[in-house]
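Hydrogens, waters and symmetry mates play no part in the numbers below; they use all other heavy atoms, side chains included. Residue numbers start from 1 in every chain, and the chains themselves are labelled A, B, ... in the order their sequence lines are given, proteins ahead of strands.
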Amino acid sequence: MPELPEVETVARGLRAVLPGRRILSVRLGKTDFIDDPAAIERELPGCRISAVHRFGKFLLLDLKRPTGSGVQFSLQIHLGMTGQILTCPPEARIPPHTHLFFALDDGRELRYTDIRRFGRIRILTNGARETLLAEFGLDPLEASEEEFDASIHSRRARIKALLLDQHVLRGIGNIYTDESLWRARIHPMRLGGKLKEEELHRLFTSVQQVLKEAIRLRGSSVSDYVDSNGQPGEFQLRHRVYMREGKKCFRCSTLIRRASVAGRSSYYCPRCQAAPRLARKKRKVHTK
DNA sequence: CTTACGGCCTGGGTGC
DNA sequence: TGCACCCAGGCCGTAA
């Protein structure tokens, strides 16, 4: 499941090979995950890729038209859960569920494969780009501690929901939420606004450490994730709670539990991460 | 306005 | 061997 560290790894890999390359032609398979497939086929051939960015969990390929004004726009890619984007020789075996092929001017091919097609691809014009950037929250690695605190402290929702909310922080998903909360020893059902200063500090530090370590290990490969060279990451070997239900906590040996919080499977240590009182059943309103 | 929740999209893995 | 069901993340509608 590509989250910030996985998308960052992919972005770095693509950044090493794509800038300067020209897209010669485009071939599409299934297109129900593409906003406007006809526009992709029409607009992209001939364009030169000028830069590769990560924005939250999105990849942005900046493109420059060959003609006249050299107008710039971007291809916005969200990998969803099972999306893979990589470059390879055109004769390489085509894996099932590969739906997008870009022939490049260095003789290689850029391909997009997505088993579930939960990913999304669309053309992003400059106007829409500003709108997109404004809609999303802080980049957790760029945010200051003050900004981080302010975005959590004013909120009443559960901390798990806040960390997952791309409009609060951009790029964090289920894996890195649970791993960060475990490191910070905070229960996923705690309310954002009720976290103490010390807890917010631990959380800020934990989020940044987890993301940085995961980037260093090139992401977590739990299902289909591979980088732009087709290689898996290694951070899944360092997971402390995610998918470890019934196994021993690395700190206290209590058995890790799983509960549904904010509609997501959440893994936590019931001893290290004390539950808030509100996590119990809602009090029934007593009449008479 | 904020928050919670359920349904939808798809198909691989699991369990019977 | 087959097959029904669960689940994943983002998004949307609805309700409180």
Table of protein N/O atoms under 3.5 Å from nucleotides 13-16 of chain B N/O atoms:
none

With the criterion being N/O to N/O and under 3.5 Å, what pairs connect the protein with nucleotides 6-8 of chain C, and how long is each?
| residue | atom | partner | partner atom | Å |
| --- | --- | --- | --- | --- |
| C:dA8 | OP1 | A:Ser265 | OG | 2.7 |

Please tabulate, one pair per line, each protein N/O and nucleotide N/O from nucleotides 13-16 of chain C that are separated by under 3.5 Å, including the distance.
none

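A search for ring-ring contact (aromatic ring centres under 6.0 Å, His included) contacts involving A:Tyr176 returns A:Phe235, not counting sequence neighbours. Every side chain to side chain donor-acceptor pair (under 3.5 Å) that A:Glu145 has, sequence neighbours left out, goes to A:His201. A:Ser25 meets the side chain to side chain donor-acceptor pair (under 3.5 Å) test with no other residue; sequence neighbours excluded. Legend: residues meeting side chain to side chain donor-acceptor pair (under 3.5 Å) with A:Thr254, ordered by chain and number and at least two apart, are absent. For A:Ser266, the side chain to side chain donor-acceptor pair (under 3.5 Å) partners at least two apart in sequence or on another chain are A:Lys160.
Checked for salt-bridge contact, A:Asp139 and A:Arg54 meet the test: a charged N lies under 4.0 Å from a carboxylate O.
A cation-pi arrangement is not found for A:Arg117 relative to A:Phe33, the charged atom failing to lie both closer than 6.0 Å to the ring centre and inside a 45° cone about the ring normal.
Using a 4.5 Å cut-off between side-chain heavy atoms of Ile, Leu, Val, Met, Phe, Trp and Tyr, A:Val226 falls into a hydrophobic cluster with A:Leu86. Summarising the hydrophobic clusters (Ile, Leu, Val, Met, Phe, Trp, Tyr; side-chain heavy atoms under 4.5 Å, direct or chained), the residues clustered with A:Ile115 are none.
Shown here is A:Glu130, whose CD atom has no more than 12 heavy atoms of other residues, nucleotides or ligands within 6.0 Å. Shown here is A:Glu197, whose CD atom has no more than 12 heavy atoms of other residues, nucleotides or ligands within 6.0 Å.
A:Asp114 places its CG atom 12 Å from the C1' atom of B:dC9, with the value rounded to the nearest Å. Rounded to an integer number of Å, the gap from CD1 of A:Ile175 to C1' of C:dG10 is 16 Å. A straight line from CG of A:Leu191 to P of B:dT2 spans 16 Å, rounded to a whole angstrom. Distance NE2 (A:His167) to C1' (C:dG9): 13 Å, rounded to an integer number of Å.
Taking 4.0 angstrom as the limit, A:Arg117 places a side-chain polar atom (N or O) nearer than this to OP1 or OP2 of B:dG11. In this structure, A:Arg155 reaches the B:dT3 phosphate: one of its side-chain N or O atoms is under 4.0 Å from OP1 or OP2. At least one side-chain nitrogen or oxygen of A:Arg158 sits closer than 4.0 Å to the OP1 or OP2 atom of B:dC5.
The overall bend of the helix from B:dT2-C:dA16 to B:dC16-C:dG2, read as the angle between its terminal helix axes built from five base pairs each, is 50° when rounded to 10 degrees.
Of the residues in residues 127-140 of chain A, none has a non-hydrogen atom less than 4.0 angstrom from any atom of DNA chain C.
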